[in-house]
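Following: one structure in structure tokens, then a few remarks.
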Amino acid sequence: MSLAIGLIGATGIAERTMIRPSQEYHDVSVRAVAASDPDRAEDYARRHSIPHVHADYEDLIADPAIDLVYISLHTAGHARWAERAARAGKHVVVEKPLCLTRPELSAIAAAQRHGGGHVLEALPTLGHPWHRTVREWLRAGTFGELDGVRSRFDFAVQPGPGYRWRPDLGGGCFYDSAGYWLQALQDTVGITDVRGTGHSDFDGFGNVDRRFSAALVLPTGQRALLECSFGTTRTTEHVFVFREGTVRIRGVLLPVAGAVSLNITVVARDGSRTVTRTPAVSYYTQQFARIRALLRQEGTHWGAELGASEPRIALMDRIHESARRSMSGSVEEERE
């Protein structure tokens, strides 16, 4: 089975997520690209040897030779074009977050049922080996009961004209971070039957959230906290606090740059410190291999399909709503 890919968005992330990994396979090709600026699409196609440029996104979706549509627009544009492509019967891969709201999620799910293809959220951290290690420690009670989880995602992003500083385009640090945070929790402690709240002053450039705090209450009562921001430094880490020790995984986005190991550092209650190194993983290479295997019916890509994305998007939407409501002065619990 050959796989022809069409790109909606002439972007750098499309190069890392689709173009470079696809070059490892003789049966995969990037057939076409479309962008809001046709001249930019033409230039992008020349630089990446993409044979076809479509005048607009509708034309690309209508191309019968394209099997998979990859969408890397600003986040507010994901839902509309994911729905269109899915309804047309294409397989669809959408950069995280898949969409922003629960109604958008429902529309995409209906389109997928109509079209019959796969709709996948591109979240490259899915299934990293550290998830399995921490999950096994949780199940075994290796370090006693879990007291809570703290996560931090700070991105070095300066104010500017890009979509990250445009609320109407789905900008803000929470939408950039929530998928990473919620998926890590989903794959370790679980996010079924959790409640969430959020807070931000929405005082960044363009009135986006340049800082955001979120909290989940797990079914067993522990709290999972997120702090995220746009600023001048970069921090990406998760910390699991147990009765008998603390487990820290720093630099969880480092494998976007290539195959690297991550350290899982455990500091026991008595002060002793141990480090477990994970196998080296290249996020984009691994993600593409899993997508290809799924579409060839040779494997799975758990966490990327709608069934797994749905609870993450629903929680993200509710937490963002909560933060908006908290601006009025009352922090409310998540609306059921």
Side-chain angles (χ1 to χ4, degrees), residues 11-25 28 48 70 72 93 95-97 120-138 142-143 149-157 164 173 176-189 224 226-241 245-267 272-294 299-304 308 312:
T11 61
I13 189 65
E15 181 180 349
R16 296 189 292 276
T17 301
M18 288 287 148
I19 295 175
R20 291 179 194 165
S22 70
Q23 293 166 350
E24 300 294 320
Y25 301 95
V28 179
H48 297 292
Y70 169 74
S72 60
V93 176
E95 268 305 312
K96 61 84 185 167
L120 305 171
E121 184 175 17
L123 195 52
T125 52
L126 285 168
H128 191 281
W130 79 256
H131 296 181
R132 181 175 62 251
T133 299
V134 171
R135 189 169 61 241
E136 289 174 353
W137 287 344
L138 279 158
T142 304
F143 303 106
V149 187
R150 304 191 305 266
S151 302
R152 184 164 206 101
F153 285 84
D154 299 319
F155 296 100
V157 179
R164 285 186 170 84
C173 64
D176 249 20
S177 309
Y180 298 131
W181 175 51
L182 292 171
Q183 200 285 319
L185 295 174
Q186 185 179 38
D187 209 11
T188 53
V189 299
L226 169 70
E227 296 288 336
C228 59
S229 71
F230 288 160
T232 58
T233 60
R234 180 181 176 89
T235 303
T236 58
E237 69 172 16
H238 301 285
V239 181
F240 293 77
V241 180
T246 299
V247 175
R248 183 186 301 269
I249 309 98
R250 285 195 169 111
V252 294
L253 296 186
L254 288 175
V256 298
V260 298
S261 299
L262 296 181
N263 290 340
I264 307 174
T265 302
V266 178
V267 178
S272 61
R273 182 175 180 272
T274 59
V275 177
T276 302
R277 288 181 66 80
T278 70
V281 168
S282 172
Y283 277 149
Y284 294 123
T285 300
Q286 175 181 266
Q287 176 177 255
F288 192 88
R290 288 175 175 173
I291 292 170
R292 176 177 173 272
L294 175 68
T300 61
H301 190 21
W302 187 88
R312 297 195 300 263

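For clarity, every value in this text was computed on a predicted model and none was experimentally measured.
Between Phe288 and Tyr25, the distance from one ring center to the other falls under 6.0 angstrom. Between Trp181 and Phe153, the ring center distance fails the sub-6.0 Å criterion.
Distance check: Gln183 CD to Leu126 CG gives 4.5 Å after rounding to the nearest 0.5 Å. Rounded to the nearest 0.5 Å, atoms CD (Glu15) and OH (Tyr284) are 11.5 Å apart. Separating the CE atom in Met18 from the OG1 atom in Thr11 is a distance of 10.5 Å, to the nearest 0.5 Å. Residue Thr188 holds its OG1 atom at 8.0 Å from NE2 of His238, rounded to the nearest 0.5 Å. Here the straight-line distance linking atom OG1 of Thr265 with atom CZ of Arg277 works out to 10.0 Å at 0.5 Å rounding. Between the OG1 atom in Thr233 and the CG atom in Asp154 there is a gap of 5.0 Å [rounded to 0.5 Å].
Between Ala259 and Ser282, the closest heavy-atom pair is N-CB, 3.6 Å. Gly251 approaches Leu262 most closely through the heavy-atom pair O-CD2, 3.3 Å. The heavy-atom pair separating Cys228 from Ser177 by the smallest distance is CB-OG, 3.4 Å. Residues Val281 and Pro255 share a closest heavy-atom pair of O-CB, 3.2 Å.
Tyr70 has its side chain within reach of Glu95: a pair of non-hydrogen atoms, C-beta onward, lies under 4.5 Å apart. In this structure, Arg250 and Asn263 have side chains that are not in contact, with every pair of non-hydrogen atoms separated by 4.5 Å or more. Looking at Val239 and Thr246, their side chains come closer than 4.5 Å, going by heavy atoms from C-beta outward. At least one side-chain heavy atom of Val247 sits under 4.5 Å from a side-chain heavy atom of Ile249. Inter-residue side-chain proximity for Arg16 and Val256 is flagged as unmet; no heavy-atom pair is nearer than 4.5 Å.
Sorted by first and then second residue, the side chain to side chain donor-acceptor pair (under 3.5 Å) pairs involving residues 120-132 (not counting sequence neighbours) are Glu121-Ser309, Glu121-Arg312, His131-Asp187.
Checked against salt bridge (charged side-chain N to carboxylate O under 4.0 Å, His left out), Arg248 has the following partners two or more places apart in sequence or in another chain: Glu237.
Judged purely by atom type and a 3.5 angstrom limit, Gln287 uses its side chain to pair as donor or acceptor with the backbone of Leu123. Of the possible donor and acceptor atoms, none in the side chain of Arg164 sits under 3.5 Å from a partner among the backbone N and O of Asp176. Distance alone, capped at 3.5 Å, places no donor-acceptor pair between the Thr278 side chain and the Ser261 backbone. Looking only at distances, a side-chain donor or acceptor of Ser22 sits under 3.5 Å from a matching main-chain atom of Ile19.
Using cut-offs of 30° and 60° for the angle between ring planes, the Phe155 and Tyr180 rings count as tilted.
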